[in-house]
Amino acid sequence: MLIPFFYALRDAKLPVSVKEFLTLLEALKADVVGYGYTPANANQADPGGVAVGIQAGTNISGRNTVSDNKLTAATAGNTAASNLASLVTAGTVNDPVMDVNNAQTNRATLAARVKNEAIGIVAGGNIVDGANSVDRNEQTAQSYGNTAGTNKVNVSADNILGTPAIFGVTNTQDNIQTSPVAVPPASITSEVLAGNIGIRAGSPDGGSINNSVSTVSDNKLTALVGGNTATANSVVLDANNTIDRPAATVTSGQTNGMALVGNVLDSRIGVSAVTDITDSNATVSGNKLLAQGQANMVSSNDIQVSADVISAPVLQVLNTQRNLVTGSVSTDVSRSSIGINVVGTLAAGGVLTGSNSTVSSNNLTATAEANKVLSNAITVTGGNTILNALAVNTAPNYYVKNDQENLASTSARLTGAGVGINAATVASLNATVSDNILVAKAGGNWANSNQISVTAENTIGASSAGATTGPNLFVENIQNNTATPIPGSSPAANSSVNALVDGVNIGVLNTGTFNNVNASVLSNQIVAYGYGNWASNGVTLSQLTGNSSQATAGISNLQMNSQSITSVVMNVNIGLGQGGAGGASGGASVVSGNGVTAQVVGNTAANRILTK
């Protein structure tokens, strides 16, 4: 297996010889390095038990770095990406008709699983006299029914003229059950099980970190699951002089009817030792444990039009999302942690002493949402003038519409998790646990940061050819989060939204003594958030010089929620010494600016029209 790899390195002009080949074989035999693979199976991906990094059966010393590695298990029913219809010319384009169309249907069960995998620096004995870092590594399980991304119509010319000129990108996606429904029904699952990223010392018999600097930062353990996703699809028109009568549409139609499950379970990011951490500095920052599920997602689809003069455009971004009652979304982050941990043995408790320890800006999140539309835009930039040449404005010239309906349950759980520092005995320690966030978020329909932006140097208005009104800019949101009987539920139940945070800790935790500790536990947050419908969108008109604008603008929100929404935070601790039985003495500690929030929202809309 390694011989082709060896010759590939030579073909790439790398100076490898028989010596390097034999060294690699010795390292594999001694388990100093590892290798892994992702099976070529359309329905299931499970690397399982792969190790990436630096491993030793006994001690590790010196400077060691493990960075920018990725372990990924991925499945997808259908993928449409990087389809391009492009026309670039120095002349004039007359009456162009250009489009990209994608139609996708998935009916199969899909599963992606990352299990018992480790990335980092692992010593069977002690880590001593060193500087070790584990940065920007990722373990990801992701599974999607249908994905469409970076599909584009692009035209660049001196002039683009039409009667009209027609451009479009269309994505139609159905992630639905077979008919009749299979037993068991089809579903999509992504899981990270017993994932580990970081620095570890010890075996069950013991192991220490002494006189060392340890850094674990910006790593991710992520489970992503979705029914339909359409991202970064666009129409881009760019002319040096004039664009006349462009009709451009970016359309996404999505239906999901499969149950989606995303879990991160029994996983860790951080620095750990079995027996003790002594005279060592450790920093664990910017890391993420994330389980994210979305039935339908449309993001960053846009229309961009730029010219000196733009006349009579009709530009539309249209999104329709349906999540059927069988399309429940559930995510779970459980029994997982980020931080610094001395676990101890049966013979002796773990000791953390003589150290500076920081755990900051880390994130544990479980998110389950039905329909989401994010950051879709129409952007029109006229170097001189933007005109409406139509005598009567019967419909919006610039139109962003989001039509969302959810009939299914969504559930996000964050349980038995923690962020911070954990040891049986804590002594002579300077510790900071700050700006960490633990969130469980569940919801029905979300439309955020969808924008229409029109900018001209001189005039935004009617033409001199008889038009009486200027451009009409309109953003419309229709959102229904509807309680629906769940088929086969016993006892009978309706669909609902549930966000739960239970049994989590943030801070410095000890089960024994706590002496001469200077600890700061600051600005950490624990949040459970449930919503039915949420919208925040905007329109911006910018006329830099010249006459006043004749444009009209509007935003409309129609929201209905009938599902029950529950957000619960229970059995949580933020602070120092939770559960400590051995008393505390000396030191100066601060616990300040931390928050615990449980919030439910039926409908909310915050929209803005801005002129300048």
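Numbering starts at 1 and runs along the sequence shown. The structure presented is a predicted model; accordingly, all values stated were derived computationally and were not measured.
A distance-only check finds no donor-acceptor pair linking the side chain of Ser190 to the backbone of Ala223 [under 3.5 Å]. Without hydrogens or angle criteria, Asn607 side chain to Asn537 main chain gives a donor-acceptor distance under 3.5 Å. Here the side chain of Gln177 pairs a donor or acceptor atom with the backbone of Ala186 at under 3.5 angstrom. Not one N or O on the side chain of Ser523 forms a donor-acceptor pair closer than 3.5 Å with the backbone of Asp435. Judged purely by atom type and a 3.5 angstrom limit, Gln563 uses its side chain to pair as donor or acceptor with the backbone of Ala408. For the pair Glu369 (side chain) and Ala442 (backbone), a donor-acceptor distance under 3.5 Å is absent. No side-chain donor-acceptor contact under 3.5 Å links Asn106 to the backbone of Asn78. In this structure, the side chain of Asn402 does not engage the main chain of Asn319 through any donor-acceptor pair within 3.5 Å. Ser562 places a side-chain N or O within 3.5 Å of a backbone atom of Ala483 that can act as its donor or acceptor partner. Side-chain atoms of Asn445 never come within 3.5 Å of backbone atoms of Asn533 as a donor-acceptor pair (strictly under, hydrogens ignored).
A donor atom on one side chain and an acceptor atom on the other are found under 3.5 Å apart for Asp95 and Thr163. Counted by atom type alone, Asp135 and Ser67 present zero donor-acceptor pairs between their side chains at under 3.5 Å. Side-chain contact annotation: Thr75 with Ser143, donor-acceptor N/O pair under 3.5 Å present. Checking Asp158 against Asn240 by side-chain atom types alone, a donor-acceptor pair falls below 3.5 Å. Residues Ser453 and Thr540 have side chains that never bring a donor and an acceptor to within less than 3.5 angstrom of each other. Side chains of Ser496 and Asn498: a donor-acceptor N/O pair is present below 3.5 angstrom, by distance only. A donor-acceptor contact closer than 3.5 angstrom is absent between the side chains of Gln599 and Ser567. Side-chain contact annotation: Thr320 with Asp403, donor-acceptor N/O pair under 3.5 Å absent.
The shortest side-chain heavy-atom distance between Leu224 and Tyr144 falls under the 4.5 Å cut-off. Using a 4.5 Å heavy-atom threshold, the side chains of Ile310 and Val305 count as touching. Considering only heavy atoms from C-beta on, Ser311 stays 4.5 Å or farther from Thr242 through its side chain. Between Ser252 and Asn301 the shortest side-chain heavy-atom distance falls below 4.5 Å. Between Asn524 and Val419, the closest side-chain pair of non-hydrogen atoms is not below 4.5 Å. Side chains of Ile478 and Glu405 form no contact here, defined as non-hydrogen atoms less than 4.5 Å apart. The shortest distance between side-chain heavy atoms of Lys288 and Thr365 does not fall below 4.5 Å. You'll find the side chain of Val454 reaches within 4.5 Å of the side chain of Leu473, heavy atoms only.
In this structure, CD in Gln451 is found 7.5 Å from CZ in Arg608, a value given to the nearest 0.5 Å.
Of the candidates Asn233, Leu84, Val169, Lys152 forms a side chain to side chain contact (heavy atoms under 4.5 Å, CB included) with just one, namely Leu84. If you run side chain to side chain donor-acceptor pair (under 3.5 Å) between Asn323 and each of Asn228, Asn256, Asn481, Asn175, only Asn256 comes through.
Pairing each heavy atom of Pro246 with each of Leu237, the nearest pair is CB-CD1, 3.9 Å.
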(request) List the steps, then state whether side-chain hydrogen bond (donor to acceptor under 3.5 Å, both in side chains) holds for Ser217 with Ser285. (result) CA-CA 5 Å; Ser217 64; Ser285 66; 4.9 Å; no

(message) Between Asp218 and Arg136, does the salt bridge (Lys or Arg N to Asp or Glu O under 4.0 Å) criterion hold? Intermediate values first, please.
(response) CA-CA 5 Å; Asp218 301 310; Arg136 300 179 305 280; 5.6 Å; no

(request) Begin from the C-alpha positions of Asn287 and Asn219 and carry the test side-chain hydrogen bond (donor to acceptor under 3.5 Å, both in side chains) through to its verdict. (result) CA-CA 5 Å; Asn287 301 286; Asn219 301 284; 3.0 Å; yes

(request) Could you give me the CA-CA distance, side-chain angles and deciding distance for Glu191 and Asn263, then say whether side-chain hydrogen bond (donor to acceptor under 3.5 Å, both in side chains) is met? (result) CA-CA 5 Å; Glu191 292 184 312; Asn263 296 326; 3.1 Å; yes

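Here Tyr531 pairs with Trp446, Tyr529 under the ring pair (Phe, Tyr, Trp, His ring centres under 6.0 Å) rule; sequence neighbours left out.
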